[in-house]
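Here's the structure, in structure tokens; my notes come after.
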Amino acid sequence: MITIMIFLFILLSIIMLILITILNLSSKKTFYDREKNSPFECGFDPKNLARLPFSLQFFLIAVIFVIFDVELTLLLPTILIMKISNILNFSLTLNLFILILLLGLFHEQNQGSINWAK
């Protein structure tokens, strides 16, 4: 009885695999648009030279965004850690972490990385 069920399962799996493959191949669009097939890279035309100059401010803002995005992934689990740790150690660690982030933000502001009016 079990061997018959295994055989039917394998047979049904093979039939489904063949059916899905046939439907996938028959439903493909034959019309390919040049613009839809080209990669979109921040508004730059990928068909031109790759060494075109771009704004350094754009790069700095992207790096700052990545830094603060990583900071959020480090900050969110602290809610769960707060329940199981000593409140004094938790508050000291969290305050040190936020202090380092604020010092980094003030440094970026003093360097002019955040100024948009250049």
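Across all non-hydrogen atoms, the minimal contact from F97 to L74 is CZ-CB, 3.9 Å.
Atom CG of residue L75 and atom CG of residue L101 lie 7.5 Å apart, to the nearest 0.5 angstrom. Separation of atoms CG (L92) and CG (L99) is listed at 12.0 Å; rounding is to 0.5 Å. Here the CD1-CZ distance, from I2 to F9, works out to 14.5 Å after rounding to the nearest 0.5 Å. To the nearest 0.5 angstrom, I67 atom CD1 is 10.5 Å from L105 atom CG. Atoms CG and CE, from L23 and M16 in turn, are 9.5 Å apart once rounded to the nearest 0.5 Å. In this structure, I15 CD1 and I10 CD1 are separated by 12.5 Å, a value rounded to the nearest 0.5 Å.
Both M82 and L94 sit in one connected hydrophobic cluster of ILVMFWY residues. Membership requires side-chain heavy atoms under 4.5 Å apart, directly or through other members.
Within the 3.5 Å criterion, the main-chain N or O of F65 finds no donor-acceptor partner in the side chain of D69.
With I22 as the partner, the side chain to side chain contact (heavy atoms under 4.5 Å, CB included) test is satisfied by one option alone out of L19, N24, I18: I18.
Contact annotation: the side chain of S85 never approaches that of N89 to less than 4.5 Å [non-hydrogen atoms, C-beta and beyond].
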